[in-house]
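For ligands, and for the atoms within them, numbers begin at 1 and follow the listed sequence. Residue numbers run from 1 in the order of the sequence given. Owing to the predicted nature of the structure, the values given are computational and were not obtained by experimental measurement.
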Amino acid sequence: MSTFRRYQSADYEYSFTNPKPHNYVLAPLNLTSVLKDDHYNINAEIFKLYVNNVIPSLNLVGDDQLYDLTATADITLLQAISRRIHYGKIVAESKFVGPTAAQYTALIKAKDEAGISALLTDAAQEAVVIARATAKASYYGATLDWVNNVLVPGTVKIPPKAVTDLYKNYLIPLTKVVEVHYLMHRLD
Ligand SMILES: O=C(O)C(=O)C[C@]1(C(=O)O)C=C[C@@H](O)C=C1
């Protein structure tokens, strides 16, 4: 898909291969972005997280031997996780406005990464994000008894707790790492 402009996306998709594929079948796009691109991407870290933490947390058992389908699902999930985390750049840019921009500017000049992280943190929003993702895992993953219009207990595909932990321990913290890095270079 890379040859069809996949990694030309304006909302920051990064390839998991290095160097990035560039032999486009379609002519490259000339997109403008509101972001100051620092080309920073943490896909190597995301890959390790996926293999060492995400997959084991799902308590998968057995071997269906359909490795091609599994690899396709892995790629989709890795790209979704990467996209979510690198969206931090867009979130960070949206926070660099109004009077807050002056606060960030002072912290950036002081190279105060912890201060930037504290300023961009919204604990209430984090709780909402985690609760919403956990609820989605509980509902979407369950079998619907459509005759009685209820979810069949014990049929979720992945443990909702694994989703809670994924957001709490990895997705949100890594999004913040990307946000802080983006802001640290916002004035370059
Ligand atoms: O929504 C925001 O304000 C974000 O910065 C994103 C996000 C997240 O990763 O979901 C990260 C940090 C904030 O503390 C809250 C939520």
Practice item. Return the set of residues passing salt bridge (Lys or Arg N to Asp or Glu O under 4.0 Å) with Lys168 (not counting sequence neighbours), or none when no residue passes. Key: none
Review point. With hydrophobic residues grouped by side-chain heavy-atom distances under 4.5 Å, do Ile158 and Val156 end up in a single group?
Key: no
Check your understanding: Once the angle between the rings of Tyr14 and His86 is folded into 0 to 90°, is it parallel (under 30°), tilted (30 to 60°) or perpendicular (over 60°)?
Key -> perpendicular
Review point. Does the pair Glu179/Lys95 count as a salt bridge with the N-to-O cut at 4.0 Å?
Key: yes
Check your understanding: Can you name the salt bridge (Lys or Arg N to Asp or Glu O under 4.0 Å) partners of Glu113, sequence neighbours left out?
Key -> none
Review point. Under the 4.5 Å side-chain heavy-atom rule for ILVMFWY, direct or indirect, which residues accompany Leu151?
Key: Tyr139, Tyr140, Leu144, Trp146, Val147
Write out each pair where an N or O from ligand 1 and one from the protein are under 3.5 Å apart, with the distance.
unit_1, atom_1, unit_2, atom_2, d
ligand 1, 3 (O), Lys95, NZ, 2.7
ligand 1, 5 (O), Lys95, NZ, 2.7
ligand 1, 5 (O), Glu179, OE1, 3.4
ligand 1, 5 (O), Glu179, OE2, 2.8
ligand 1, 9 (O), Arg84, NH1, 2.8
ligand 1, 10 (O), Arg84, NH2, 2.9
ligand 1, 14 (O), Asp122, N, 2.7
ligand 1, 14 (O), Asp122, O, 3.4
ligand 1, 14 (O), Glu126, OE2, 2.5

